[in-house]
Amino acid sequence: MTRFLLGAPVALLALASCAGASSPHASAPAPKAPAEFVRVVAMPEPARPTRKEMVRRILPHNVRLQIAEGDSVRRTASGVVVGSERGEDGVVAWVVTNAHAVVMEDLKAPELRVLVDRRGDVETHVGQVVARGKVPEMDLALLRVPGLGLPAVELAEEAELELGEDVVVAASPFGRALSLSGGMLSQVEWDRESRRPKLVKTDAPIGYGASGGGIFSLETGRLLAIVEGYRTAQVGFEVQQESFSFDVPMPGETFAAPSTKVRQFLKAQGFGRLLERSLPGEGGVAHAAGR
């Protein structure tokens with residue numbers, strides 16, 4: 001058995017040197033070129049957008065909605081631009097909102113208005129409902145808005161729907177100008193059969209008129225979900241033998257249709273082309289956030 005000792009390499013090196021020197025005709029080894037040293041410079045990572053910069057990217061995707069009858073506003077809601085096209089007749093925007101927010105069968109001569117607030121000025125367009133899902137399974141609707149030139153949002157991937165994801169909700173509560181609220185994803189409910197998200201919740205507060213508003217990732221600016229409503233707890237009390245009660249929103253119980261549902265809805269309604277900008281992949285009283 002051959003054994004290797006720690007001193008063996010030195011001895012072998014010495015024998016090799018002697019063998020080389022014993023030949024009178026052996027030429028001297030060529031000098032080695034000096035080793036070259038390459039200096040590696042670490043490139044700085046690009047700075048992430050600040051919160052304000054990300055909000056500026058998110059805001060142009062959002063609109064507020066009014067269902068009017070004559071001079072009276074009957075209902076208000078919110079919406080998100082998911083498609084923008086230009087044709088022979090000009091630009092057309094496609095807006096996703098809630099199906100329950102655009103019910104107009106009870107009105108005689110309703111008009112669906114799509115409003116964009118620009119620092120005190122209000123730009124008004126007339127929209128048309130071109131597709132509507134069944135409530136509550138698919139509480140989504142698609143509006144066609146001629147003349148509205150706003151950029152389309154990018155839909156988030158399913159992998160982005162994680163608990164604790166920092167979000168901002170953009171909506172128009174009580175029919176007023178666009179308002180923001182912040183929070184995180186507080187729950188993701190997965191479908192057992194498809195293994196895809198079917199419902200998400202956030203602890204970001206909202207109010208009446210926020211139906212159809214967008215829940216956006218503060219990290220990527222992509223659309224995570226469309227607000228559907230929120231759950232409340234009823235609080236009762238008595239004053240001078242008279243009973244009063246009111247509903248209090250429950251934290252973490254603002255629920256929404258995830259981006260997966262938005263994709264499914266658009267494809268099922270024949271508007272899959274609007275997804276070309278998007279990424280691939282597919283105990284209280286419940287109150288609608290519409291008014």
Side-chain angles (χ1 to χ4, degrees), residues 45-63 78-85 93-99 131 133 137-142 150-171 180-204 206 210-229 252 254-282:
E45 294 184 2
R48 289 188 176 183
T50 64
R51 185 186 186 90
K52 288 185 178 180
E53 290 171 340
M54 189 58 70
V55 167
R56 291 192 193 103
R57 297 182 188 181
I58 292 171
L59 290 179
H61 304 308
N62 302 274
V63 297
S78 308
V80 181
V81 178
V82 295
S84 183
E85 298 177 329
W94 301 89
V95 175
V96 163
T97 186
N98 287 147
E137 292 84 3
M138 188 64 74
D139 191 6
L140 294 172
L142 182 65
L150 291 180
V153 73
E154 290 186 63
L155 300 185
E157 292 182 283
E158 292 179 1
E160 294 180 55
L161 298 173
E162 292 188 358
L163 294 180
E165 176 79 13
D166 289 329
V167 302
V168 60
V169 178
L180 301 178
S181 60
M184 65 179 179
L185 285 189
S186 54
Q187 183 181 11
V188 179
E189 187 175 329
W190 295 82
D191 186 89
R192 292 184 177 181
E193 295 182 0
S194 66
R195 299 295 179 179
R196 289 187 166 183
K198 65 177 183 179
L199 178 72
V200 299
K201 293 180 182 178
T202 178
D203 62 348
I206 64 168
S211 279
I215 301 179
F216 299 86
S217 166
L218 267 177
E219 183 178 355
T220 65
R222 296 173 186 145
L223 180 68
L224 296 172
I226 295 290
V227 174
E228 292 181 333
T254 293
F255 47 89
S259 56
T260 300
K261 269 194 172 182
V262 178
R263 283 193 177 90
Q264 293 172 348
F265 172 72
L266 293 176
K267 290 179 179 179
Q269 297 294 334
F271 292 92
R273 69 180 187 278
L274 302 179
L275 299 172
E276 294 180 358
R277 280 201 74 234
S278 303
L279 299 176
E282 302 255 304

Can a donor-acceptor pair be found, under 3.5 Å and without considering hydrogens, that links the side chain of Asn62 to the backbone of Gly213? no
Any donor and acceptor pair, going by atom type alone, linking the side chain of Asn98 with main-chain N or O of Asp139 inside 3.5 Å? yes
Hey, could you give me the CG/CG distance between Leu266 and Leu155, rounded to the nearest 0.5 Å? 7.5 Å
Around Glu137, counting heavy atoms of other residues, nucleotides and ligands shown, do more than 12 lie under 6.0 Å from its CD? yes
Flag side-chain contact, heavy atom, 4.5 Å: Leu142 against Val82: yes
State which residues pass salt bridge (charged side-chain N to carboxylate O under 4.0 Å, His left out) with Glu53; sequence neighbours excluded, sorted by chain then number. none
Measuring from atom OG1 of Thr260 to atom CD of Glu157, what distance do you get when rounded to the nearest 0.5 angstrom? 10.0 Å
Take Leu224 and Val167 through the test side chain to side chain contact (heavy atoms under 4.5 Å, CB included) and record every step on the way to the result. CA-CA 8 Å; Leu224 296 172; Val167 302; 3.5 Å; yes
Sequence-distant partners of Glu189, salt bridge (charged side-chain N to carboxylate O under 4.0 Å, His left out), two or more places apart: Lys198
Quick one: does Ser259's side chain have a donor or acceptor within less than 3.5 Å of a partner on Ala156's backbone? yes
Val81 versus Leu150, closest heavy-atom pair with distance: CG1-O, 3.8 Å
May I have the step-by-step check of side chain to side chain contact (heavy atoms under 4.5 Å, CB included) for Leu180 and Leu59, ending in yes or no? CA-CA 9 Å; Leu180 301 178; Leu59 290 179; 3.9 Å; yes
Atom of Ala210, atom of Ser78 and distance for their closest heavy-atom approach: CA-OG, 3.8 Å
Evaluate the criterion side chain to side chain contact (heavy atoms under 4.5 Å, CB included) for residue pair His61 and Leu223; output intermediate values, then yes/no. CA-CA 10 Å; His61 304 308; Leu223 180 68; over 6 Å; no
Separation of Arg196 CZ from Trp190 CH2 (nearest 0.5 Å): 10.0 Å
Quick one: closest heavy-atom pair of Glu165 and Ser217, and the distance? OE2-OG, 2.7 Å
Testing the basics here: between Ala225 and Val200, what is the closest heavy-atom pair and its distance to 0.1 Å? CB-CG2, 3.5 Å
One should read off an interatomic distance between Arg57 CZ and Arg222 CZ, to the nearest 0.5 angstrom, of 11.0 Å
What do the steps show when you test Glu228 against Leu199 for side chain to side chain contact (heavy atoms under 4.5 Å, CB included), and what is the final call? CA-CA 10 Å; Glu228 292 181 333; Leu199 178 72; 4.2 Å; yes
Taken in chain and number order and not counting sequence neighbours, the residues that satisfy side chain to side chain donor-acceptor pair (under 3.5 Å) with Glu85 are Trp94, Arg273
What's the separation between atom CZ in Arg51 and atom CG in Leu218, rounded to the nearest 0.5 Å? 5.0 Å
Got a second to check how far Arg48's CZ is from Met54's CE, nearest 0.5 Å? 9.5 Å
Might you point out which heavy atoms bring Phe271 and Ala131 nearest each other, and give the distance in Å? CE1-CB, 4.4 Å
Return yes if some donor-acceptor pair links the side-chain N/O of Ser186 with the main-chain N/O of Lys201 below 3.5 Å, else return no. yes
State, to 0.1 Å, how close Pro258 and Pro197 come at their nearest heavy-atom pair, and which atoms those are. CG-O, 3.5 Å
